[in-house]
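Residue numbers start from 1 in every chain, and the chains themselves are labelled A, B, ... in the order their sequence lines are given, proteins ahead of strands. Basis for what follows: all heavy atoms, side chains included, without hydrogens, waters or symmetry-related copies.
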Amino acid sequence: MLDRKFVIENAEAVLQNCANRNVSSDVGKIVELEKQRREKLQETEKLNAEAKARSKEIGQAKDDAERESLKEAARQLRADKDAAQKAHDEMDAQIREIELTIPNMAHPACPVGVDDKSNLELGHGKHKPSEFDFKPLDHLELGEKHDWIDFEGGARTTGQGFYFLKGDLVLLDFALQQYAITQLSARGFVPTITPDLARDSVLEGIGFMPRGPETQIYSVEGMDISLIGTAEITLGGLYSGKTLMDTELPIKLCGISHCYRTEAGAAGRASRGLYRVHQFTKIEMFAFTLPEQSDAMHEEIRQIECDLFDAIGVPYRIVDTATGDLGGPAYRKYDLEAWMPGRGDGGEYGEVTSTSNCTDYQARRLNIRYKEKGKKGTRFVHTLNGTAFALSRAIIAVLENNQNADGSVTVPEVLRPFIGKDVIGVA
RNA sequence: GGAGAAGUGGCUGAGUGGUCGAAAGCGCCUGAUUGCUAAUUAGGUGUACGGGUCAAACUGUACCGCAGGUUCGAAUCCUGUCUUCUCCGCCA
């Protein structure tokens with residue numbers, strides 16, 4: 001959510017931004033409604049002040065007659081005030097409804113375009129895609145060969161898109177988690193295991209739609225909680241409604257959680273294997289910062305993502321996401337797309353991480369503020385998130401890039417201490 | 001899951017229908033004073049949204065977990081809800 005005053009005072013820029021993001025919001029209506037709302041607010045407050053004054057006089061009334069007449073006057077004023085209040089609240093609700101549809105403003109350097117075709121490639125990782133002197137398998141073929149992944153069993157027990165991970169792949173999964181947690185911890189991100197469910201109000205604050213036909217989220221029947229699609233939700237919700245001290249910031253967290261996604265409407269884009277699944281584990285970075293820290297923090301998180309994927313020997317490219325592909329909360333977003341030799345014909349890049357600077361967009365919805373010592377008032381914090389490893393996709397990248405002619409997979413050196421093997425899938 | 005108790009300002013904690021944004025203490029800030037990492041003393045010290053101003057000063061409204069209700073008037077009474085604590089049950 002944007003600041004209401006900002007929207008009113010910069011209606012044209014906000015409208016242009018909506019267009020750039022391929023979102024339609026009735027900004028003009030907000031401007032008009034807000035003007036009316038303020039008038040109504042003043043009327044309400046005036047009536048209320050008047051009613052309060054009468055009520056106070058009742059306590060000191062000389063006699064019953066005077067008391068009764070004051071009561072009547074107060075009753076009338078209160079009724080008028082209630083009517084004005086109601087009108088005001090209705091306008092306020094209408095404004096808020098529109099406000100919720102307005103996306104965050106975009107970083108000035110953000111490539112402008114209505115969809116991902118305008119995404120800008122910023123650079124590549126340390127490693128180049130391998131030249132295999134054999135025909136590389138995709139991760140599903142590798143998984144089948146070694147009995148690592150069982151989608152059939154997943155479908156039988158749970159449903160399409162669920163899977164069992166088995167054997168050495170489990171060790172690889174844990175190794176990636178451990179490595180990420182170790183690295184992030186060393187860089188000041190506090191390891192944090194979060195709930196896998198969150199209140200719908202928190203989901204909404206982060207920018208997800210918990211229910212409805214377009215939802216990507218599994219919700220729990222009869223309760224206002226849902227399975228989270230990412231730890232961003234719970235980590236962001238962690239300080240909802242709180243006012244932090246500026247000296248506490250930045251707060252850097254390394255979230256560990258399962259992620260559940262319905263992937264509704266993704267059928268046409270269905271991908272083989274682990275690429276698009278209903279449940280996976282994710283190690284997620286999250287930061288609460290001062291406004292002036294968020295740009296630098298965003299670069300820091302992006303750099304960590306690069307370091308992690310460089311460390312596990314996966315080739316990738318960095319993408320600066322175009323305005324139309326940013327989603328609602330992001331001010332700027334970088335994706336890492338890993339080279340996946342088994343994807344498409346002869347390999348393709350596939351998204352493995354994403355880091356967003358959401359500035360104060362989520363903080364305003366979640367009401368997360370900070371206070372500067374000695375200064376009056378509070379301001380909203382900035383929030384940022386970024387993927388360290390999404391297990392499933394990181395596994396794809398490791399398996400496909402490090403495979404050998406015999407179908408075994410060389411374990412990236414940094415992961416070996418956690419696995420205890422140099423190679424997995426040896427016949 | 002069952003039964004109780006409680007949720008007040010940065011903290012502790014008063015307040016059971018009117019003059020309460022809320023006593024007191026602590027903490028914090030400012031000044032005074034004492035030559036000594038402190039004591040004493042005076043004053044100040046919440047947030048949000050409006051009005052006002054170049055900016056302040058100043059000023060209106062709301063906020064005593066949250067949402068409703070009763071009443072001329074609610075921190076105070078009623079209902080619901082959330083959270084916390086205690087006891088019981090169950091259980092990894």
Item to check | Pairing partner (Watson-Crick or G-U wobble, both distances under 3.5 angstrom) of B:rU71 | outcome: none
Next on the checklist: Could you check, using the six-membered ring where one of them is a Trp, whether A:H298 and A:Y334 have ring centers closer than 6.0 angstrom?
Outcome noted: yes
Checklist entry - What nucleic acid atoms does A:R54 come within less than 4.0 Å of, heavy atoms only: base, sugar-phosphate, or nothing? => result nothing
Next on the checklist: Distance check, P atoms only: B:rG4 and B:rC78, in whole angstrom units.
Outcome noted: 15 Å
Checklist entry - In whole angstrom, what separates A:D3's CG from B:rA48's C1'? => result 12 Å
Checklist entry - Side chains of A:N104 and A:T359: do they bring a donor and an acceptor to under 3.5 Å? => result yes
Next on the checklist: Under a 3.5 Å cut-off for both contacts, is B:rU16 paired Watson-Crick or G-U wobble with anything, and if yes, with which nucleotide?
Outcome noted: none
Checklist outcome for this item: Picking from B:rC72, B:rG60, B:rG51, the nucleotide nearest the side-chain atoms of A:R78 would be B:rC72
Item to check | is_close_aromatic(A:F164, A:F162), centroid dist under 6.0 Å | outcome: no
Next on the checklist: Roughly how many Å apart are B:rU30 and B:rU81, using the C1' atom of each and rounding to a whole number?
Outcome noted: 44 Å
Checklist entry - Quick one: A:D89 CG to B:rG68 C1', roughly how many Å, whole number? => result 14 Å
Checklist entry - The side chain of A:R75 lies closest to which of these nucleotides: B:rU47, B:rC72, B:rG50? => result B:rC72
Checklist entry - In whole Å, what is the span from the CZ atom of A:R67 to the C1' atom of B:rG73? => result 13 Å
Checklist entry - Whom does B:rG89 pair with, Watson-Crick or G-U wobble, provided both distances fall under 3.5 Å? => result none
Checklist entry - How would you label the contact of A:R199 with the nucleic acid (heavy atoms, under 4.0 Å): base, sugar-phosphate, or nothing? => result sugar-phosphate
Item to check | Distance between C1' atoms of B:rA57 and B:rA42 (Å, rounded) | outcome: 22 Å
Checklist entry - Please give, in whole Å, the distance from B:rC66 C1' to A:D200 CG? => result 17 Å
Checklist entry - OP1 or OP2 of B:rU47 sitting under 4.0 Å from any side-chain N/O of A:T243? => result no
Next on the checklist: Counting only Watson-Crick pairs (N1-N3 plus N6-O4 or O6-N4) and G-U wobbles (N1-O2, O6-N3), all under 3.5 Å, who is the partner of B:rA42?
Outcome noted: B:rU30
Item to check | Atom pair distance, as rounded to whole Å: NZ in A:K71 and C1' in B:rU70 | outcome: 13 Å
Item to check | Shortest side-chain distance from A:S55, nucleotide among B:rG60, B:rG50, B:rG18 | outcome: B:rG18
Checklist entry - In Watson-Crick or G-U wobble terms, both distances under 3.5 Å, what is the partner of B:rC54? => result none
Item to check | Spacing between A:K40 atom NZ and B:rG51 atom P, to the nearest angstrom | outcome: 17 Å
Item to check | Nucleotide forming a Watson-Crick or wobble pair with B:rG60, both distances under 3.5 Å | outcome: B:rC49
Checklist outcome for this item: In Watson-Crick or G-U wobble terms, with both distances under 3.5 Å, the base opposite B:rG7 is B:rC82
Next on the checklist: If we count only N and O atoms by modelled type, under 3.5 Å, do the side chains of A:S201 and A:D224 hold a donor and an acceptor together?
Outcome noted: no
Next on the checklist: Rounding to an integer number of Å, can you tell me how far A:R4 CZ sits from B:rG50 C1'?
Outcome noted: 12 Å
Checklist entry - Pick from A:R187, A:Q183, A:R302: which one makes a side chain to side chain donor-acceptor pair (under 3.5 Å) with A:D307? => result A:R187
Checklist entry - Any side-chain donor-acceptor pair under 3.5 Å between A:T321 and A:D325? => result no
Item to check | Distance below 4.0 Å between A:K52 side-chain N/O and B:rA62 OP1 or OP2 | outcome: yes
Next on the checklist: Once you apply a heavy-atom cut-off of 4.0 Å, does A:K46 come out as touching a base, just sugar-phosphate, or nothing?
Outcome noted: nothing
Next on the checklist: Using a heavy-atom cut-off of 4.0 Å across all strands, would you classify A:T44 as base, sugar-phosphate, or nothing?
Outcome noted: nothing
Checklist entry - With rounding to whole Å, what would you report as the distance between B:rG68 and B:rU76 at their P atoms? => result 14 Å
Item to check | Check: A:F309 ring centroid to A:F389 ring centroid under 6.0 Å | outcome: yes
Next on the checklist: Which nucleotide wins on minimum distance to the side chain of A:N48, given the candidates B:rG50, B:rA62, B:rU47?
Outcome noted: B:rA62
Item to check | Assigned partner base of B:rU76, Watson-Crick or wobble definition, under 3.5 Å | outcome: none
Item to check | Pairwise P distance, B:rG60 and B:rG52 [rounded to whole Å] | outcome: 15 Å
Item to check | Side chain A:Y275, main chain A:E351, donor-acceptor under 3.5 Å | outcome: yes
Item to check | Toward the 5' end of RNA chain B, by each residue's nearest nucleotide, A:E50 or A:Q42 | outcome: A:Q42
Next on the checklist: With nearest nucleotide decided by heavy atoms, which residue, A:E72 or A:T378, maps closer to the 5′ end of RNA chain B?
Outcome noted: A:T378
Next on the checklist: Taking only the C1' atom of each, what is the distance from B:rC91 to B:rA6 in whole angstrom?
Outcome noted: 27 Å
Checklist outcome for this item: Checking B:rG60, B:rG50, B:rA62 against the side chain of A:A49 (C-beta onward), the nearest is B:rG60
